[in-house]
Amino acid sequence: MFLQRFKLGFHFLWMSLILPISILAHPPRLHRQGLQQQDPFRQLDEVYPTPNAQRLSSGDVGEGYWQQKVDYQIKVVLDDQNQKLSGEAVIVYHNESPHALNYLWIQLDQNHFDHHSLANQSRTDHPVQEPLSYGELRELKISLTGTGYQVKSLKDQQQRDLPYTIVDTMMRIDLATPLKSKEKLQFSMSWAYQIGNAKEQWGRSGYEVLTKAPENRKIYEIAQFFPRLAAYTDVYGWQNKAFLGNGEFTLEFGDYLVEIDVPSHHIVAATGELINANEVLTLAQQQRLESAKHADQPQFVVKPEEAKANEIKKEEGRKIWKFKANQVRDFAFASSSTFIWDAWGYHNDNGLVMAMSFYPNDAEPLWSRYSTHAIVHTLEVYEDFTFSYPYPVAISVNGPVGGMEYPMICFNGPRPEDDGTYAKDTKYGLISVVIHEVGHFFFPMIVNSDERQWTWMDEGINTFLQFQAERSWENHYPHGDGEPKQIVDYMKSSNQVPIMTQSDSLVQFGNNAYAKPATALSILRESIMGESVFDHAFKTYANRWKFKRPYPADFFRTMEDASAVDLDWFWRAWFYSITPVDIELSNITRLFLKTLNPNIDKNREKEEKNQQPISLIKQRDQHKQKRIDRYPHLSDFYNRYDELDITYGDLKQYEEMIKELKPWERELLNTDGFFYVITLKNIGGTISHLPLEITYQDGSQELRRIPPEVWRKNAEEISLFWILKKELKSLRLDPYLETADINLSNNHYPREILKTQFELQKRSRPKNAMKQALDDAKSKEEDAKKKEEDAKKKEEDAKKNLSPNAPISPP
Ligand SMILES: [Zn+2]
């Protein structure tokens, strides 16, 4: 029946509209490795630890959360003649856990330097073809000569010896009776160790002999210098994995009172508040420190000329510097006769923070210009992302350690040339390292993650925030990590492990634990979640876990809990796997809507038919004589008939169909627009949001952002159906480099010609050993002659009664 045919016709029309939508959902294809493709959005419950009373499924701290507390009273003596440190500590261990403890574990980190240490014994060689570099030579020195802790005594509160066993960098103290829940234990220990030369052996602390005159000026940067309790946690029990060098420290919060006995001409900087300034500073210095509290820029407490006078003094007597620090997880200090000291009061919601820098004249003019400013800048930016900095001081010290963090104090290496000029890298290296290390005052010194296990939780998160601080220092700041395009080379590299790998097993350490998580968080903030949603969730994490110990799931869960954004796919891709983003813009198909008006549809089909290429064979046949040419009567109706000709029947059928349509159906038929199906393939393995820049035929542009959920039915290939107002000319994926796509050559449709540079290289001549031998003989002869002349001259000078050792006055 006509009506029926009519309905069929309409159905056909409708099909043409829904056809592209059906393209959107390809049936899942078999994975390249022959495995059934897995849903990238499947939740991480299979991987996360089961939530419990300590750590909730929301990522928040549970009502059953507990952590230990350890208080220290420490007295140390710095022997500047022999570079030796000796100390005694009274330690009070508060067992806040619900468990009784039969033994305690103490970290003796200096044992890492012992040439018998697990770290030294398990060091693997670099490939033999690589020449030994300076860094490796330093490792070699430790392997040959290093020594560790010398434990002198370990006693309980009644001064009875406590039995102990040392296992590499860990020491177990056996308790006569178990330490019950909510009980505390006091014990004391005395010890000594040889301070390492941090310029000769790599370390997070040590001393340095400055190279410029006057001679024998030293800077001590002292850390891991006392027996630190290992952490006992609800997740791992004792975190007593040996210190192998990469996985840093897992520590408990506590209150410290530390007395540091140094030569009287030394200036000391330390974690915490100086509580006896009146005993160690001159009256003028005390007044300068006081006036710096409300100054509008950094002020000298010890001036450059005072430091110059100090550093040439010989040791005459001793001074004891006393520091108090509450609720910190560690303690470090620096001591030197060379220190200039500047200070600047920073006022926040918690009150006054003294931002201070300590450095020798050798570090000028760089340090007085940038260090303390960088400290205050870091506090401002990090507070925006987290909470008010809760400690009274924030200190940056220049010395032998390139960059290392402790509570309230950090050690930073960059220094200008001997003549005071400095390279661009040195300047920005200093600003960035100060931002980074002061940033660590927040992560992990306050948000106390387990560094021994998860380096990314402090380094990655901190590098992400460092990037934010650099962004707001000045325009065009030469950034370290955070821009997605900067991670591309690493993501392309073959030697990778997931971010979620224990610290000491990481390969490509800096890229893995710093750059990749920083970049991932940057992408999350800028592209996936948006600034305000991200910032609220991140701030929630920081505030939930400050002065507590978060683990990865606490972070992952909080970021979702506080944002309502499903991020399991993101954590899975960026933290649990190594696959990169490489999305291919495969093809674009333009669709034409059938109007069912034969005047339009048939004419268009005719036009398309005429545009079809003529095959080679048809071209060859075109001018050959055929049978029908010889016998024209063989030609009939079908030789003249064209099925694309518009017939009276076609027109009548169309008219009747239009009459039957409802107004909205008629409108739909007249939709004017340009229809496209855009096909994208996930080549890299990690799904991504899709920023797509449309360029229209008229030259205008538009950016569309497609959320990552577009991959939820098929993570390998998708098609988008677009109705555009104007005709499409080209499409570019990720035009502003926000996805870390490792291959941009497949991001444009139609494809673009790739550009690269090449240069002509001259071949170098092969080495001429014969010529080298002649040159060597000649220079040997010249050296011998010069030596002879020098000796002769010395003899003549002696004859003239001139002392060769007398200082020569400048002309
Ligand atoms: Zn760091």
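Owing to the predicted nature of the structure, the values given are computational and were not obtained by experimental measurement. In each ligand, atom 1 is the first atom listed, and ligand 1 is the first ligand listed.
Salt-bridge formation is detected for the pair Asp535/Arg525: a Lys NZ or Arg NE/NH1/NH2 atom is positioned less than 4.0 Å from an Asp or Glu carboxylate oxygen. Residues Asp330 and Arg228 are paired through a salt bridge, judged by an N-O separation under 4.0 Å between the basic side chain and the carboxylate. For Asp554 and Arg549, the salt-bridge test fails: no basic side-chain N is under 4.0 Å from an acidic carboxylate O. Taking 4.0 Å as the cut-off between side-chain N and carboxylate O, Arg544 and Asp561 count as a salt-bridged pair.
In Glu459, the N, O or S atom that comes nearest to the Zn ion (ligand 1) is OE1. For the Zn ion (ligand 1), the nearest N, O or S atom contributed by His436 is named NE2.
Among the backbone and side-chain atoms of Glu405, none of the N, O or S atoms lies under 2.8 Å from the Zn ion (ligand 1).
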